[in-house]
Amino acid sequence: MQTDIHKKKSNSPSGAGSYNNLKATLALAKASFRSIMRSPSAVVFTLAFPLIFILVFGFLGGGGTRIDVGVTPGSDVNNPVMGMLEKTGMIRLVKDKSKTEFDKLLEKGNVDAMIDVHRKVNSAAYSVNVVYTSASRDKGGILKSVLNNIFYDKTLKPTVAEIKESTITGREYKTIDFILPGQLGFSLLSTGVFGTAFVFLSLRQTLVIKRFFATPVRRSSIVIGEGIARIGFALIGALFIILIGHFFFGFTLVHGALTVVNMLILATLGVIVFMGFGFIISGIAKSESMVPPISNIITLPQFLLSGTFFSIEAFPGWLQPISRALPLTYLNDAMRKVAFEGLGLWDVKFQIMILLLWGIGIYAVAVKVFKWE
């Protein structure tokens, strides 16, 4: 009888050395992963939003800059100038419209400039008259550069230049090569911040964590289990996004599978750092209604300023230092260098170091503000 009682005690969860926290951690991770998969918001922020942007830019991003140039009625269209303009690939000559129609299009910026070309009397040279519109100044500047390349000089009597062309073979940098890493970073940021903040606040408010404390499970097992689930879900989403971009839109993976592995390692580091923001928010938020605004304060500036859609070089000079201070900027930059330039993880050690420094700072704050009860 005493032997049976002793066996029961040794097999009970409270028995010394009998409880396996590794199994508890994996069980928590499994349960959390199932919960994430059933959450519509998690699927939307991790997969749906990034894929929508990738699909849009994937279909629209192949054309590059287009400049619509109207040809003045009566202009000579069979001349070297027109031929060279069309060969650039970015100039679209608009013909077969009246001068009145062209004037309206030019005023609205629907055409970026008007061009009139005539051969000079008793000469092999051509006279070119170009009218620009202030409604499209940027494209007008590009057209000026193109015309300057066609002519040797800009005198009142320009002559057609003999242009010697050569092509250097290089890797084409497509729009998707810039957009996809940015969307992948946005997905990781959303998963790390929103998912972590909502989950731990909800577990605390519903007293689930308090019930955990009545069991032998360690606090670290709760955090690690949830972290494994978040990282696993984020990596599945990242792999899905990368493969869709590569096979459907030609996203560049210089070293194939090795590049994918390096990107997934960077994704793991990124989501771990971003989860720190989630821990901070769950600690300072008083209720679930406070989570979205606080999360948006953290995620929205990074989404807009970290080179997700546009290079930070295009931002005003005073804004660029702010962009370069954000962790998502360095994750996006590292992803692009690894994917398109074929760099290894050691080659992007500076970006990784900045992410690690951000992680140390974030988790130092999280330890101070995170609440279990």
Side-chain angles (χ1 to χ4, degrees), residues 10-51 184-244 257 260-261 263-283 285 288 291 295 359 362-363 366-367 370-373:
S10 62
N11 291 330
S12 66
S14 60
S18 63
Y19 193 82
N20 191 325
N21 269 283
L22 176 60
K23 288 184 178 180
T25 301
L26 296 177
L28 288 169
K30 183 178 179 181
S32 179
F33 185 81
R34 287 179 175 176
S35 175
I36 295 171
M37 293 297 291
R38 293 170 183 168
S39 171
S41 61
V43 175
V44 167
F45 280 106
T46 304
L47 292 177
F49 277 179
L51 280 179
L184 183 54
F186 165 67
S187 171
L188 297 171
L189 180 64
S190 299
T191 300
V193 175
F194 285 94
T196 305
F198 273 114
V199 165
F200 275 92
L201 181 63
S202 176
L203 291 177
R204 190 169 68 242
Q205 288 185 332
T206 55
L207 303 181
V208 172
I209 291 181
K210 201 167 186 178
R211 295 190 189 103
F212 278 140
F213 290 165
T215 70
V217 66
R218 296 172 183 168
R219 294 185 176 186
S220 59
S221 295
I222 301 173
V223 174
I224 294 173
E226 286 288 344
I228 291 174
R230 300 278 156 202
I231 294 170
F233 181 72
L235 292 183
I236 291 174
L239 181 61
F240 184 68
I241 289 171
I242 292 170
L243 294 180
I244 289 290
V260 175
V261 171
M263 291 184 73
L264 292 180
I265 293 173
L266 289 173
T268 302
L269 174 60
V271 76
I272 290 174
V273 172
F274 298 145
M275 282 172 58
F277 287 117
F279 286 122
I280 293 174
I281 295 169
S282 69
E288 288 190 355
V291 171
S295 298
I362 291 168
Y363 280 95
V367 169
F370 185 75
K371 300 173 185 176
W372 287 103
E373 298 180 4

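Keep in mind the model is a prediction, meaning the values are calculated, not measured.
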Spatial distance of atom CZ (F274) from atom OG (S187) [nearest 0.5 Å]
10.5 Å
Contact summary for R230 and T191, nearest pair of heavy atoms:
O-CG2, 4.1 Å
Looking at residues at least two apart in the chain, or sitting in another chain, which of them share a ring pair (Phe, Tyr, Trp, His ring centres under 6.0 Å) with F200?
F279, F370
How long is the gap from CD1 on I242 to CD1 on I244, to the nearest 0.5 Å?
11.5 Å
Between T206 and S202, is there a donor-acceptor pair closer than 3.5 Å when you use the side chain of the first and the backbone of the second?
yes
Roughly how far apart are L239 CG and L184 CG, rounded to 0.5 Å?
10.0 Å
Value for CD1 (I222) from OG (S32), rounded to nearest 0.5 Å, stands at 11.5 Å
With respect to M275, which candidate in V193, I280, T196 satisfies the side chain to side chain contact (heavy atoms under 4.5 Å, CB included) definition?
T196
Do I362 and F277 come within less than 4.5 Å of each other through their side chains, counting heavy atoms only?
yes
Backbone N or O of A31 within a donor-acceptor pair of the S35 side chain at under 3.5 Å?
no
Indicate the atoms forming the closest heavy-atom contact of A229 with A29, along with that distance.
CB-O, 3.4 Å
Which distance, rounded to the nearest 0.5 Å, do you find between the CG of N20 and the CG of L26?
8.5 Å
Heavy atoms only: give me the nearest V271-A234 pair and the separation to one decimal.
CG2-CB, 4.0 Å
Of all the heavy-atom pairs spanning L28 and S221, show the shortest one and how long it is.
CD1-O, 3.7 Å
Let me confirm one number: the CD1-CG distance from I231 to L264, rounded to the nearest 0.5 Å.
12.5 Å
Pairwise side-chain contact, E288 with L201, heavy-atom cut-off 4.5 Å (strictly under):
yes
Y363/I272 under side-chain contact (heavy atoms from CB on, under 4.5 Å): CA gap, chis, key distance, verdict
CA-CA 10 Å; Y363 280 95; I272 290 174; 3.9 Å; yes
